[in-house]
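Report on one structure; see the data block that follows.
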Number of protein chains: 2
Amino acid sequence: MRSPITWQSVQAEALRRLRAGLWTPGARIPDEAELARELGCARSTVNRALRELAAAGLLERRRKGGTRVPLTPVRKATFEIPIIRLDIEARGQCPGYRLIRQATEPLPKAEARAMRADPGAPFLHLLALHLADDRPFCAEDRWINPETPGLDGADFETLSANEWLVGNTLFSDGAIGFAATAATPELAALLDCAPDAPLLTITRSTRAGPRPITAVRLFYAPGHRLETRL
Amino acid sequence: MRSPITWQSVQAEALRRLRAGLWTPGARIPDEAELARELGCARSTVNRALRELAAAGLLERRRKGGTRVPLTPVRKATFEIPIIRLDIEARGQCPGYRLIRQATEPLPKAEARAMRADPGAPFLHLLALHLADDRPFCAEDRWINPETPGLDGADFETLSANEWLVGNTLFSDGAIGFAATAATPELAALLDCAPDAPLLTITRSTRAGPRPITAVRLFYAPGHRLETRL
DNA sequence: TAGTGGTCTAGACCACTCA
DNA sequence: GAGTGGTCTAGACCACTAT
């Protein structure tokens with residue numbers, strides 16, 4: 001009895017052929033049935049291996065058209081987006097949190113568009129600072145729908161809104177964006193950096209089905225880098 | 001004969017239960033066999049549905065431990081990283097390319113570390129500008145291993161190194177990082193922006209097995225945003 | 001030790017799409 | 001119309017790990 005061929009080994013073999021140039025860009029590769037015969041496994045095993053490569057952008061598959069090596073592969077990079085506190089702890093630093101401001105204010109247009117909410121509607125507006133080893137790590141500028149269930153009982157003095165939302169709302173739909181912005185005077189004071197310093201900025205908006213939940217801008221202290229493997 | 005249950009519909013039902021709060025954070029959900037019985041499908045169909053949710057960070061699965069809703073879900077965001085020219089075309093703009101400088105120089109430490117190459121080794125150093133509708137889009141500062149096969153025949157006056165590498169080298173291993181940096185005087189002149197303007201900066205390094213290939217910094221013109229759905 | 005997810009198989013039918 | 005990938009099924013065995 002042979003030990004069974006795993007989909008991982010089929011995938012590794014496919015990668016080997018891609019890297020060795022046996023399967024060249026633009027060319028069609030053998031179909032699933034043929035690879036299954038050649039490698040001595042079931043077609044579904046080949047399917048799983050190649051499906052994942054296609055999802056990663058390393059192959060293109062079409063019914064009847066077969067599987068091809070793309071001429072211009074679209075690489076995909078995946079970032080993990082943990083809770084800020086856990087991110088700081090993962091760096092071996094001691095996380096801190098300070099609420100700077102909290103008020104109910106009319107929702108600005110940009111945030112309204114991102115959440116698909118009504119501009120001018122009264123939203124809870126928070127400004128907070130996350131600290132790593134007592135040094136500024138990231139400023140959080142957040143707008144929260146006051147109709148979010150359970151919001152009344154939340155105390156954002158001690159618990160980051162980031163964490164409260166993760167534990168108390170149900171994800172549905174969202175968008176995220178990366179940009180570079182210049183530090184405003186207030187942000188510069190919070191983050192202890194020069195005014196107009198370049199800040200990596202992450203914008204996130206979240207909805208639960210039809211209901212807008214929250215829009216947030218995270219301004220990371222100068223020098224912050226977000227990294228991942230390809 | 002009933003129409004078959006698809007893994008997508010099982011996944012949708014699981015998401016519905018998560019959003020409806022039927023499956024709450026920290027709680028264990030029914031095991032695969034039970035869900036399969038309940039939904040009237042094969043266990044492998046349930047497995048595929050839940051496996052993808054676990055990969056997305058919405059569930060945690062462990063053998064014998066069962067499947068749970070994580071207390072602190074780690075969201076994952078995936079960005080597509082196309083060739084710059086295709087990115088510009090996808091925006092409905094006309095792409096342009098200008099080579100600014102090309103020389104062989106000793107590899108700086110930062111790039112050497114990123115590629116795991118020897119600092120000071122002679123590398124090909126390119127500085128180029130990508131244009132969208134004749135306006136500066138992105139500056140490309142690239143270091144290429146001169147021992148990369150086929151490099152002699154490449155003409156970077158007319159063809160972006162970005163594209164040449166995609167078509168002529170085989171991917172193996174790489175890293176990518178995002179940051180915000182201030183425009184140097186030279187970058188400000190190229191990108192037609194103020195000196196010290198905040199620039200979204202993407203750093204990428206690529207290796208093919210044991211061999212370092214290229215390290216590149218892309219400086220996007222002010223205002224550039226990178227977006228994706230969650 | 002026993003329960004649960006991870007995976008393989010062999011066969012089947014369907015959906016898309018190319019010629 | 002026919003070839004290819006997409007998926008479902010039923011059953012099986014294995015690997016991990018909680019108890």
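Both backbone and side-chain heavy atoms feed into the values below; hydrogens, waters and symmetry mates do not.
We find that CG of Leu50(A) is positioned 15 Å from C1' of dT7(D), with the value rounded to whole Å. Note: CD (Glu32(B)) to C1' (dC13(D)) measures 15 Å, nearest angstrom. Look at CZ on Arg37(B): it is 10 Å from P on dT4(C), rounded to the nearest Å. Rounded to an integer number of Å, the gap from Asp31(B) CG to dA2(C) C1' is 13 Å. One atom, CH2 of Trp7(A), and another, P of dT9(C), lie 14 Å apart when rounded to the nearest Å.
Among dG5(C), dT9(C), dT9(D), the nucleotide with an atom closest to any side-chain atom of Arg61(B) is dG5(C). Between dA2(D), dT7(D), dT9(C), one nucleotide has an atom nearer to the side chain of Lys64(A) than all others, and that is dA2(D). The side chain of Thr45(B) has dC8(D) as its nearest neighbour among dT7(C), dC8(D), dT9(C). Comparing atom distances between the Arg43(A) side chain and each of dG5(C), dT4(D), dT7(D) picks out dT7(D) as nearest. Checked against dA2(D), dA18(D), dG5(D), the side chain of Arg62(B) finds its nearest nucleotide in dA18(D). Minimum atom distance to the side chain of Arg28(A) is reached by dT4(D), of the listed dT4(D), dA10(C), dG6(D). Listed candidates were dT9(C), dC16(C), dT4(C). Nearest to the side chain of Arg63(A) is dC16(C).
Around atom CG of Asp155(A), more than 12 heavy atoms belonging to other residues, nucleotides or ligands sit under 6.0 Å away.
Between the side chain of Arg207(A) and the backbone N or O of Met115(A), at least one donor-acceptor pair lies under 3.5 Å. In this structure a side-chain-to-backbone donor-acceptor pair under 3.5 Å is missing from Asp133(B) to Gln93(B).
Checking the phosphate oxygens (OP1, OP2) of dG5(D), no side-chain nitrogen or oxygen of Arg51(A) falls inside 4.0 Å. Phosphate contact (OP1/OP2 of dG5(C), side-chain N/O of Asn47(B), threshold under 4.0 Å): absent. Between Gln8(B) and the phosphate of dG6(D), there is no side-chain N or O to OP1/OP2 separation shorter than 4.0 Å. Between Thr67(B) and dG5(C) there is a side-chain polar atom (N or O) within less than 4.0 angstrom of OP1 or OP2.
Residue-to-nucleotide proximity on DNA chain D shows that, of Gly65(B) and Ile29(A), the 5′-proximal contact is made by Ile29(A).
Across all strands, Glu34(B) comes closer than 4.0 Å to no nucleic acid atom at all (heavy-atom distances).
For dT7(D), the base has no donor-acceptor partner in the side chain of Arg48(A) [N/O atoms by modelled type, under 3.5 angstrom].
Taking the six-membered ring where the residue is Trp, Phe137(B) and His224(B) present perpendicular rings, their angle passing 60° and hence far from 30°.
Classification of Glu32(A) and Arg43(A) as a salt-bridged pair holds, one side-chain N sitting under 4.0 Å from a carboxylate O.
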